[in-house]
Asks: 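One structure, as structure tokens, below. Some questions next.
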Amino acid sequence: MTHLPEYDSLNLPAIGNEILKKWQDENTFEKSVKIRKGSKPFTFYEGPPSANGMPGIHHVMARSIKDIFCRYKTMKGYQVKRKGGWDTHGLPIELGVEKMLGITKDDIGKKISIEDYNAACRREVMKYKDKWEDLTRKMGYWVDMEHPYVTFDNNYIESVWHLLKELYKKGLLYKGYTIQPYSWAAGTGLSSHELNQPGCYKNIKDNTVTVQFKVVQDKKTEKMFPKGDIFFLAWTTTPWTLPSNCALAVGKNIEYALVKTLNRYSGKPVRVILARELLPKYFDEYFDEYDDEKLNSDTAIIEKNFKGSEFEGIRYEQLMPYAKPEGGDAFRVLLGDFVTTEDGTGIVHIAPSFGADDFRVAKQNGIGSLTLVDRNGKFTAAVTDFAGRQVKTKEDQAKQDNSTDLAIILKLKKEEKAFKIEKYEHNYPHCWRTDEPVIYYPLDSWFVKTTAVKERMIELNKTINWKPEATGTGRFGNWLENLVDWNLSRSRFWGIPLPVWRTEDSSEEICIGSVAELEKEISKSAAAGFMKQVKVTDLHRPYMDEIVLVSTKGKKMFREPDLIDVWFDSGAMPYAQWHYPFENKEAFGNSFPADFIAEGVDQTRGWFFTLHAIACMLFDSVAYKNVLSNGLVLDKHGNKMSKRLGNAVDPFEVIEKYGPDAVRWYLISNAQPWDNLKFDREGIAEVQRKFFRALYNTYSFFALYANIDRIDFDEKQIPLAERTELDRWILSALNSLMMKVEGYYNDYEPMRAAREIENFVVAQLSNWYVRLSRRRFWRGGNSSDKIAAYQTLFACLDAMARMIAPIAPFYADRLYCDLQNTRKGGAKVESVHLSRFPSATEENINPDLEELMATAQKICSLTLGLRKKYNLPVRQPLKRILMPVSSTPEINSKAIAGLEKIKKLVLAEVNVKELEIITDTSGVLIKKIKPNFKELGKKLGSLMKEASGMIQGFNQQQIREMEQNLEYKVNLAGKEIVLTINDVEIVSEDIPGWHIATEGSTMVALDVTVTKELKDEGIARELVSRIQNMRKERNFEVTDKIVLKIVKNSGVESAIVNNFQYICAETLAESLELVESIDEISAESVEVDDNIHTSIIINKLNLT
RNA sequence: AGUCCCGUAGCUCAGUUGGUUAGAGCACUACACUGAUAAUGUAGGGGUCGGCAGUUCAACUCUGCCCGGGACUACCA
């Protein structure tokens, strides 16, 4: 006979540690994968974290989600391999190293060699690897940390190169340029990450100017405008870009006005065009009627109105004719969707070389471009009078009187092209290294032509199951709709080098797709004498930079100096983690695309996108079929967690304190994974207290009595039909639960699964089934009813262990093994994670029974409510409950039959002797009628209000008629309308002269008469309660027999005599003696109620 | 600035295709129950469902605008 283990208390952290050790000793994770060999694979991709930062509580969240579904699918019979990974490249690592070494990017190659710098990055990136591995282990996240993929590995990089070459071959990799934030002082482009560093955006005052662009007179403009010079007005905060102006943009639907006014500097009359809405910004007054008297620089006379679209294609004269734009037809008015009337004139000056919007709109319209500023931020020689002048510096801003901007403005003023000159304060980005203002500048970049497969990406995205759906259609979908080519280039040091070599004149280039190919090219180059024959050992900089290849025409080819965007690294993981296609072709084939991935919602345009893009471009496939994007973990006040605010939660500490299961359960059950979670440790304590303790208590109760009764669980299963109503009910509820929970896990709805389980354990299993079954367990002997109770409870606990296993893997394992390993003959089980997820047996589900039990619970709660209301303690037995049931015959018989079944349970629970069902309620019940808005609303529409009033005014007689005839004719707004019984809801409201309570359609009346007999029984119960408490206080075992002595008096005597057997049985008293007095010290005086007192002595019966 | 998510009781969250007294848990108060129970039951207080407008017989629910929190992307005359 094996014993079920019993515990003093529930210690979740200790269970965590013990199970962890067990998993380690027994290689449980490996086994869980191994035993599914040959089964259908369920593919999961691990999004690689970067180990150069400490893991936080949000990582526990994200990884719990990943872990849950992998464990679940394993238990469903799939083989779920989980290869870990490390993201190792990127700017944050470079910044960390620079901080550590106390250097800046300028020092690289000077104070420190690229070689040493990259070596430092390689070390730095794994700084917290130990911590990550420790957390992974402690939180119970099963992922293969022994054989992770690492993005800086040569093999990994080689796979990435292969992918790049494939893109190259398809013509999807090209060199172009975009307008990017550029630090002329540092000579480098800046990433948005760099621009978002604190302090980069500063409020500065700039000299701005509204300038006049003169319309060219041609056939079109002659028709549109009055004779004479007409000017478009455009405002700029960067006058230095005006020499490079190539176009003007207007808003298609914006209203513009042609006005006559005086130029405030020349004093001459002038006709200008600007957005009508913005007239007040430029003029104090404006008129529709011409009046010469009123003409001055602060007033405008509106001569004509236009819509922006009418201006499209109008030509204007170049403002500052230093040089002609190349590559297009410039100096035209374009339509731009970005044009607003928030400030300026509603007409935007376009310099395609110095603005991203400008570039885009110019390209779309074939405008060409003009770049009159060099890479040092100085005007080129073409700008004769300003040549060599720095266009935007912090000095300029300091002494505004002498800035280049102002010089340009003054020149324009002199030429009578300036309309208004103002100072303007705004936020402007600065270089975080040099502190100089950033300019936007065209820079060479390598691009992936994602726009070429845009439609296909959108199409494939529609086949992906997004959780939540809105992320897939909204954030991700919109992103795809507005896709631009993917800028791969990064001017950095620590990353995957772009494997493209070019001749200096760019006439020839080669994209390398493997190490072998590179070595072959090196041999050729060595043969040509361009470099020594070398073996390739590291695919990073600076080694790759040192390689010079030879072109087919015999020219030297140098590597394009850029690194690639680290997002490409991680997006390439489905292939590169296997070193595909150089190795593991089969492994790759079996694991693509992924069935499931999960990461933070911040990865939408990051990892989710890059996975999707690469898979779509190269494999015409999705990269993942299901994706769950989880929200943030905020502090309990809803603030973002940060080290700076000191509100970051240490995941190690929390896991140690509450145990990994409680933390995981809390994170999962508290909010939908995609909603932000306000993390509050009180919540974890509550999960511990309520859910885990209820489950543990249920197990403890089970173990306590099963051990007493020496149940060994080898008994034959008692057929369901022979079990009690209560057993059949909880098994039905259990099977329903299985169906729901399985559905939720399948739908990637872990919160709903957790809550459903929680409700079952706390409300149904612990608080109803066990509570009402207690007596069955402590009754002597091993009757078949008792065996049935054990079997039922065992089934519930066993299923619970397996159902919670994905979320609470530690306690689940303990519970499962404790339960299973008591079976006498059975083989020892090792772990719940090697078992199968329980599936429902549909025959066991009985919805009627579940509904019936819900009614029983309702009746109990109503009765207890009444007891409370009339101050009738539950220990006082009462005579009867009356229950009116519907007068519809067919509902009636079913309801009555049902109530008969649960009668006993209810009566025992609320301590009442009888339940009487009243079917003939006429004359007894007072009923209330109200319209069924949903039904009737459809039928009546706007007559609802009137109908509602009328129906609620029905008297008892009318209600009765309605019930009997099942319909009722009324007059509404002159029309006769037949109300059917379904159009209304009739509920019982009151029974005059009774104590009643109702909830919904359930009504309970309580007979509160207390007879002498009932009173005695109540007293007996009180005594039992006191005696039980005394047993407990004295730490008697549940099975200890006792001898009882009670001091007799008129208050208790008849109660004891009349309930002698009952008292003895309940308290396990072998003898009960009524005595005149007790003088022993151990006697306890008790108060039964206000007027009745006595003394009791209990002693353990000495078994000899 | 754009896109997306969130806003319901002091706190954490439910709330079906729109249907009339908006729910649960925690916390608080009182009472009750308890030989599995740091549990549970009953009752109570606590809400202009972020705001305004619209659609509708009917809006927490649908639409628009606005406010607040957050994320991502971008940074513009």
Side-chain angles (χ1 to χ4, degrees), chain A residues 9 181 192 195 201 208 234-238 241 249 336 338-340 342-351 355-358 427-429 440 468 470-471 473-479 482 600-606 631-632 634 636 638-640 670-672 674-678 680 682-683 686 689-690 693-694 696-705 751 755 759 762-763 766-767 770-771 774 777-778 860-862 864-869 871 873-875 930-938 940-948 1025 1028-1029 1031-1032 1036-1038 1066-1068:
Chain A
S9 64
S192 60
L195 280 188
Y201 278 85
T208 72
W235 177 63
T236 180
T237 57
T238 52
T241 61
F338 54 89
V339 179
T340 67
E342 260 161 52
D343 41 27
T345 62
I347 301 171
V348 179
H349 135 68
I350 300 291
D357 277 339
D358 306 37
N427 241 345
Y428 197 86
Y440 289 82
T471 304
T473 51
R475 185 182 290 194
F476 195 68
N478 290 335
W479 165 252
N482 300 313
V601 68
D602 53 332
Q603 293 299 332
T604 310
R605 275 120 173 207
L632 299 173
L634 309 169
K636 67 172 173 179
N639 297 312
K640 215 178 156 180
N670 198 21
Q672 294 276 27
W674 37 88
D675 285 341
N676 290 344
L677 172 79
K678 287 185 195 158
D680 185 358
E682 278 303 306
E686 191 188 322
R689 207 167 58 225
K690 289 198 64 179
R693 187 151 286 146
Y696 161 82
N697 283 332
T698 305
Y699 169 78
S700 298
F701 171 83
F702 175 77
L704 175 68
Y705 287 99
M751 182 198 81
R755 290 197 181 172
N759 174 56
V762 176
S766 168
N767 197 40
V770 174
R771 183 188 164 92
R774 270 185 337 225
F777 290 94
W778 75 54
C860 288
S861 116
L862 288 170
L864 291 172
L866 284 169
R867 279 184 170 275
K868 159 79 184 139
K869 193 168 171 191
N871 200 20
V874 180
R875 285 198 205 97
K930 72 175 188 183
N932 179 342
F933 282 89
K934 204 170 177 174
E935 288 299 316
L936 208 52
K938 282 182 210 150
L940 299 184
S942 59
L943 291 174
M944 258 320 270
K945 248 180 199 154
E946 206 181 327
S948 170
S1025 160
Q1028 301 288 37
N1029 282 335
R1031 287 181 61 115
K1032 213 174 186 177
F1036 287 9
E1037 289 300 318
V1038 190
E1066 287 295 304
T1067 60
L1068 298 185

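The chains referred to below are lettered A, B, ... by the order of the sequence lines, with proteins before strands, and numbering in each begins at 1.
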Asks: Mind checking if A:Leu704 touches a base, just sugar-phosphate, or nothing, with heavy atoms under 4.0 Å?
Replies: nothing
Asks: Of the candidate nucleotides B:A36, B:C75, B:G41, which contains the atom at the shortest distance from the side chain of A:Asn697?
Replies: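 Of the options given, the side chain of A:Asn697 lies nearest B:A36.
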Asks: So, for A:Tyr440 and A:Pro429, which heavy atoms are closest and what is the spacing to 0.1 Å?
Replies: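 Closest approach of A:Tyr440 to A:Pro429: OH-CG, 3.6 Å.
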Asks: Considering only atom P, compute the distance from B:G50 to B:G68 and round it to an integer number of Å.
Replies: 16 Å
Asks: What are the atom names and distances for every N/O pair under 3.5 Å that joins the protein to nucleotides 54-61 of chain B?
Replies:
from	atom 1	to	atom 2	distance (Å)
B:C57	N1	A:Gly941	O	3.2

Asks: Indicate, with a heavy-atom threshold strictly under 4.0 Å, whether A:Ser700 touches base, sugar-phosphate, or nothing.
Replies: nothing
Asks: Choose from B:C13, B:U37, B:C75 the nucleotide whose nearest atom is closest to any side-chain atom of A:Tyr440.
Replies: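 Closest of the options to the side chain of A:Tyr440: B:C75.
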Asks: Nearest-Å distance, CZ (A:Arg774) to P (B:A39)?
Replies: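 For the pair A:Arg774 CZ and B:A39 P, the rounded distance is 16 Å.
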Asks: Testing the basics here: between A:Gln1028 and A:Glu1066, what is the closest heavy-atom pair and its distance to 0.1 Å?
Replies: NE2-O, 2.9 Å
Asks: With rounding to whole Å, what would you report as the distance between B:C65 and B:C26 at their P atoms?
Replies: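 Here B:C65 and B:C26 have their P atoms 41 Å from each other.
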Asks: Using every non-hydrogen atom in the two residues, find where A:Ala234 and A:Thr345 come nearest and quote the distance to one decimal.
Replies: CA-OG1, 3.5 Å
Asks: Without decimals, in angstroms, what is the distance between A:Asn759 CG and B:U40 C1'?
Replies: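 These atoms are roughly 14 Å apart.
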Asks: Donor-acceptor check, side chain of A:Arg689 to backbone of A:Ala694, threshold 3.5 angstrom: yes or no?
Replies: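 Side chain of A:Arg689 to backbone of A:Ala694: no pair is present.
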Asks: Would you kindly compare A:Thr236 and A:Leu862 by the position of their nearest RNA chain B nucleotide and give the one closer to the 5′ end?
Replies: A:Leu862
Asks: Contact class for A:Asn670 vs. all strands (heavy atom < 4.0 Å): base, sugar-phosphate, or nothing?
Replies: sugar-phosphate
Asks: Where does the angle between the aromatic ring planes of A:Phe777 and A:Tyr705 fall among parallel (under 30°), tilted (30 to 60°) and perpendicular (over 60°)?
Replies: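 Correct class here is tilted.
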Asks: Mind checking the P distance from B:G23 to B:C49? Whole angstroms is fine.
Replies: 14 Å
Asks: The side chain of A:Arg771 is closest to which nucleotide in this list: B:U40, B:A14, B:U34?
Replies: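 The closest nucleotide is B:U40.
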Asks: For A:Asn767, which residues count as a side-chain contact (heavy atoms from CB on, under 4.5 Å) partner, sequence neighbours excluded?
Replies: A:Arg771
Asks: Protein-nucleotides 26-32 of chain B N/O pairs closer than 3.5 Å?
Replies:
none

Asks: Using the P atom on both, measure B:C6 against B:U63 and round to a whole Å.
Replies: 12 Å
Asks: Could you tell me whether A:Arg867 contacts a base, only the sugar-phosphate backbone, or nothing, with contacts defined as non-hydrogen atoms closer than 4.0 Å?
Replies: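 No contact.
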Asks: Would you mind reading off the distance between A:Asp358 atom CG and B:A74 atom P, rounded to a whole angstrom?
Replies: 17 Å
Asks: Rounded to whole Å, how long is the line connecting atom CZ of A:Phe476 with atom C1' of B:C72?
Replies: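 In whole Å, B:C72 C1' and A:Phe476 CZ are 13 Å from each other.
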Asks: If you measure from the P atom in B:G19 to the same atom in B:U37, how many Å do you get, rounded?
Replies: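 Per the computed distance, 44 Å lies between those P atoms.
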Asks: Working to the nearest 0.5 angstrom, can you tell me the gap between A:Ser861 OG and A:Lys868 NZ?
Replies: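 These two atoms lie 14.5 Å from each other.
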Asks: Looking for any heavy atom pair under 4.0 Å, which part of the strands does A:Phe1036 touch: base, sugar-phosphate only, or nothing?
Replies: base
Asks: What integer number of Å spans the P atoms of B:G7 and B:U61?
Replies: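 Taking atom P in both B:G7 and B:U61, they lie 12 Å apart.
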Asks: A:Tyr699 OH to B:U37 C1': how many Å, rounded?
Replies: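 Computing the A:Tyr699:OH to B:U37:C1' distance gives 16 Å.
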Asks: Is there a donor and acceptor pair closer than 3.5 Å between the side chain of A:Ser766 and the base of B:A36?
Replies: yes
Asks: Rounded to whole angstroms, how far apart are NZ on A:Lys1032 and P on B:C33?
Replies: 14 Å
Asks: Minimum heavy-atom separation for A:Thr236 to A:Thr208, with atom names?
Replies: O-CB, 3.2 Å
Asks: Sequence neighbours excluded, which residues qualify as side chain to side chain donor-acceptor pair (under 3.5 Å) partners of A:Thr241?
Replies: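 Expected list: A:Thr238, A:His349.
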Asks: Distance check, P atoms only: B:U12 and B:A22, in whole angstrom units.
Replies: 22 Å
Asks: Taking all non-hydrogen atoms of both residues into account, name the closest pair between A:Thr698 and A:Ser766 and its distance.
Replies: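 For A:Thr698 versus A:Ser766, the nearest heavy atoms are OG1-CB, 3.7 Å.
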Asks: If a protein heavy atom is under 4.0 Å from the base, mark B; if only from the sugar-phosphate, S; if neither, -; do that for nucleotides 2-9 of chain B going 5' to 3'.
Replies: BSBSS---
Asks: Between A:Gly355 and A:Asn767, name the one whose nearest nucleotide on RNA chain B is closer to the 5' end.
Replies: A:Asn767
Asks: Counting only N and O atoms by type, is there a donor-acceptor contact under 3.5 Å from the side chain of A:Asn759 to the main-chain atoms of A:Arg755?
Replies: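 No; zero donor-acceptor contacts below 3.5 Å.
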Asks: Starting from C1' on B:U37, measure out to OH on A:Tyr696 and report it in whole angstrom.
Replies: 10 Å
Asks: B:G41 phosphate, OP1 or OP2: any side-chain N/O from A:Ser861 under 4.0 angstrom?
Replies: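 No, because none of the side-chain N or O atoms of A:Ser861 sits under 4.0 Å from OP1 or OP2 of B:G41.
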Asks: Using both pair distances under 3.5 Å as the test, note the stems of at least 3 consecutive Watson-Crick or G-U pairs that include RNA chain B.
Replies: B:1-7 with B:67-73, B:10-13 with B:23-26, B:28-32 with B:40-44, B:50-54 with B:62-66
Asks: What integer number of Å spans the C1' atoms of B:G69 and B:C33?
Replies: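 44 Å, rounded to whole Å.
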